[in-house]
**Q** 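This is the structure I have questions about; it appears just below.
Since we're looking at a predicted model, the values are computed, not measured.
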Amino acid sequence: MIEEACLAIEQISAQERSAREQKYARRRKMNYIDGLLNELEMLNLADRVALPEPLEGAVGKLLEDIPERRSAQTPKVETVVGAMDVLYEVQDALMVNHSDRD
């Protein structure tokens, strides 16, 4: 009986740890997206149209790391506004798909 209780506690602890890790991973991704959006907004306010290569790479890498986006065959984002639009979509999806879990 004690062994069953210990096993149940271990399983619940593992589930909670996994949920916590997923939650913090999502939060880190949201913070990263916020930082990218901030940089893009500064470029947009400066009337820049073309996306600088470092930001293009960062946005592309982010999109590759999101499972839902991998299958979407997202075209290469080359403009500041285009990158902002895509990042807002990703951010909205992250918030909507997980808002009931937090």
**Q** Rounded to the nearest 0.5 Å, what separation is found between the CZ atom of R48 and the CE atom of M42?
**A** 14.0 Å

**Q** Kindly indicate, with the supporting measurements, whether the criterion side-chain contact (heavy atoms from CB on, under 4.5 Å) is fulfilled by R26 and L94.
**A** CA-CA 7 Å; R26 186 175 53 81; L94 286 171; 4.2 Å; yes

**Q** Using 0.5 Å steps for rounding, measure from the CD atom of Q15 to the CD atom of E10.
**A** 12.5 Å

**Q** Do V81 and N44 come close enough that some side-chain heavy atom pair is under 4.5 Å?
**A** yes

**Q** Do E4 and L7 have side chains that approach each other closer than 4.5 Å (heavy atoms only, starting at C-beta)?
**A** no

**Q** Hey, what do you get for CD (E16) to NZ (K23), rounding to the nearest 0.5 Å?
**A** 11.0 Å

**Q** Atom SG in C6, atom CD in Q11: separation rounded to 0.5 Å?
**A** 11.5 Å

**Q** Between S18 and A14 (side chain of the first, backbone of the second, donor and acceptor by atom type, cut-off under 3.5 Å), is there such a pair?
**A** no

**Q** In Å and rounded to the nearest 0.5 Å, what is the CG to CG distance from L36 to N31?
**A** 11.0 Å

**Q** What's the spacing between L51 CG and E39 CD if we round to 0.5 Å?
**A** 10.0 Å

**Q** Is there a path of hydrophobic side-chain contacts, each under 4.5 Å between heavy atoms of I/L/V/M/F/W/Y residues, joining V80 to Y32?
**A** yes

**Q** What heavy-atom pair brings A83 and L40 nearest, and what distance separates the two atoms?
**A** CB-CD1, 3.8 Å

**Q** Can you find a heavy atom in the side chain of T79 that is under 4.5 Å from one in the side chain of M84?
**A** no

**Q** Can you give me every donor-acceptor pair (side chain of residues 53-63, partner residue at least two apart or in another chain, under 3.5 Å) with its distance?
**A**
residue : atom : partner : partner atom : Å
E56     : OE2  : K76     : NZ           : 3.1
K61     : NZ   : D65     : OD1          : 3.2
K61     : NZ   : D65     : OD2          : 3.2

**Q** Tell me, do Q91 and K29 make a side-chain contact under 4.5 Å, heavy atoms counted?
**A** no

